[in-house]
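Report on the following structure.
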Amino acid sequence: MSVNSADRPVLLDVVLVKAGRTKIGYPAELLADDGTRVTARAPWAGDGVRDFGFVRFEPGDVFTEYYWRDRWYAVKEVRTATGTLKGHYCDITRPAELSGNRLVVEDLDLDLWVSADGTDVRRLDEDEFEASGLARTDPGAAAAAVAALGELDALAHEGGLGALLA
C-alpha cells in the first residue's frame with residue numbers, strides 16, 4: 001500500500017485482541033506499509049490517564065506504532081503532545097494481520113517498556129503471561145513470545161531500538 005503525503009491520510013482501524021476478545025479498537029493514520037512492516041500514528045486511545053508509576057499515558061500523547069507481519073511484537077513510540085519522547089512501549093503479539101484498512105494484532109500479555117533515555121528497561125506482565133496458560137495451549141506461540149521479549153530486551157539494552165524503527 002503506497003502512502004503519499006499529498007493525498008488525504010489513509011485511516012486504519014487498529015484492533016487489539018486479547019484472549020479471543022477485542023481489547024480496544026481505534027483509528028490510526030497509516031504512515032507506511034512496505035509489505036512487512038506497517039507504521040501508523042494515533043493519539044492515546046485510552047480513557048483518561050493511565051499511570052504506570054514509571055510513565056503516564058494521557059490525552060494528547062501521540063503513538064507512532066510499528067507492526068510487523070513476520071515478527072511477534074509491536075513497538076509504540078510514545079510522545080507528548082509537544083513532541084517530547086516519553087519512551088517505547090513494546091507489546092508482544094502474534095504477527096499483525098492487515099486486511100483492507102483493518103489491522104488486527106493479538107496481544108500475548110508480555111510487554112517491555114524502554115524509557116526515552118534508555119536507562120529504564122522493564123519487562124511487564126510476565127505474571128499475566130504465565131496465568132494465560134498459553135504455554136500449555138499453544139507451546140509454539142508461547143516460545144515465540146518469550147523469544148520476542150528476549151530479542152527486544154537485548155536490543156533495548158544495546159541501544160538498538162532506534163535502528164529497528166528506522
Decide whether Thr93 and Asp91 meet the rule of one side-chain donor and one side-chain acceptor closer than 3.5 Å. no
With a 4.5 Å cut-off on side-chain heavy atoms, are Val75 and Leu152 touching? yes
Compute the centroid of each ring, for Phe57 and then for Phe52, and state whether the two points are separated by less than 6.0 Å. yes
Nearest-0.5 Å distance that lies between atom CG in Leu165 and atom CG in Leu155: 9.5 Å
In this structure, would Tyr66 and Leu16 fall into the same cluster of hydrophobic residues linked by side-chain contacts under 4.5 Å? no
Would you say Leu124 and Val49 are hydrophobically clustered, going by side-chain heavy atoms of ILVMFWY under 4.5 Å? no
What's the spacing between Lys76 NZ and Asp61 CG if we round to 0.5 Å? 13.0 Å
Minimum side-chain heavy-atom gap Thr22-Ile24 below 4.5 Å: no
Does Asp13 come within less than 4.0 Å of Arg102, counting only side-chain N to carboxylate O? no
Would you call Leu11 and Leu30 a side-chain contact if the rule is heavy atoms closer than 4.5 Å? no
Exactly one of Arg41, His88, Arg79 clears side-chain contact (heavy atoms from CB on, under 4.5 Å) with Thr64, and that residue is Arg41
What one should report as the nearest heavy-atom pair of Ser132 and Asp109 is CB-OD2, 3.4 Å
Between Trp113 and Tyr89, how do the two ring planes meet: parallel, tilted or perpendicular, split at 30° and 60°? tilted
Using a 6.0 Å cut-off, check whether atom CD of Glu130 has over 12 heavy atoms from anything other than its own residue. no
Evaluate the side-chain proximity of Leu85 to Glu77: yes if any heavy-atom separation is below 4.5 Å, no if none is. yes
In one Ile/Leu/Val/Met/Phe/Trp/Tyr side-chain cluster, 4.5 Å: Leu112, Leu164: yes
Find out if a path of hydrophobic residues (ILVMFWY) with successive side-chain heavy-atom gaps under 4.5 Å connects Phe63 to Tyr67. no
With a 4.5 Å limit on heavy-atom distance, are the side chains of Trp72 and Glu151 in contact? no
Determine whether more than 12 heavy atoms belonging to other residues, nucleotides or ligands lie under 6.0 Å from atom CG of Asp117. yes
Quick check: is Val78 connected to Tyr26 through a chain of hydrophobic side chains (ILVMFWY, heavy atoms under 4.5 Å apart)? no
Quick one, Glu106 with Arg21, criterion salt bridge (charged side-chain N to carboxylate O under 4.0 Å, His left out). Give me CA distance, side-chain angles, the key distance, then yes/no. CA-CA 9 Å; Glu106 184 179 348; Arg21 297 175 145 166; over 6 Å; no
Give the minimum heavy-atom separation between Ala28 and Ala42, together with the two atoms involved. CB-CB, 3.8 Å
Please report the closest heavy-atom contact between Ala156 and Val114, naming both atoms and the distance. CB-CG2, 3.6 Å
Tell me whether Glu29 is salt-bridged to Arg8, with the criterion being a basic N under 4.0 Å from an acidic carboxylate O. no
Using a 4.5 Å cut-off on heavy atoms from C-beta on, say whether the side chain of Leu98 contacts that of Leu12. yes
What closest approach, in Å, do Ala145 and Phe129 show between heavy atoms, and which atom pair accounts for it? CB-CE1, 4.0 Å
To check you understand the geometry: which heavy-atom pair defines the closest contact between Asp111 and Leu149, and what is its length? O-CD1, 3.8 Å
Derivation and outcome, side chain to side chain contact (heavy atoms under 4.5 Å, CB included), residues Val121 and Asp153: CA-CA 7 Å; Val121 178; Asp153 193 340; 3.8 Å; yes
Taking NZ, NE, NH1 and NH2 as the nitrogens, is one of them in Asp107 or Arg94 under 4.0 Å from a carboxylate oxygen of the other? no
With a 3.5 Å distance limit and no angle check, can you tell me whether Asp34 reaches the backbone of Arg37 through a side-chain donor-acceptor pair? yes
Compare all side-chain heavy atoms of Val105 with those of Trp68 and state whether any distance is below 4.5 angstrom. no
Checking Thr84 side chain against Thr80 main chain: does a donor-acceptor pair fall under 3.5 Å? no
Donor-acceptor contact below 3.5 Å, side chain Lys86 vs main chain Ser115: no
Within a strict 4.5 Å, meaning less than it, do heavy atoms of the Asp33 and Arg69 side chains meet? yes
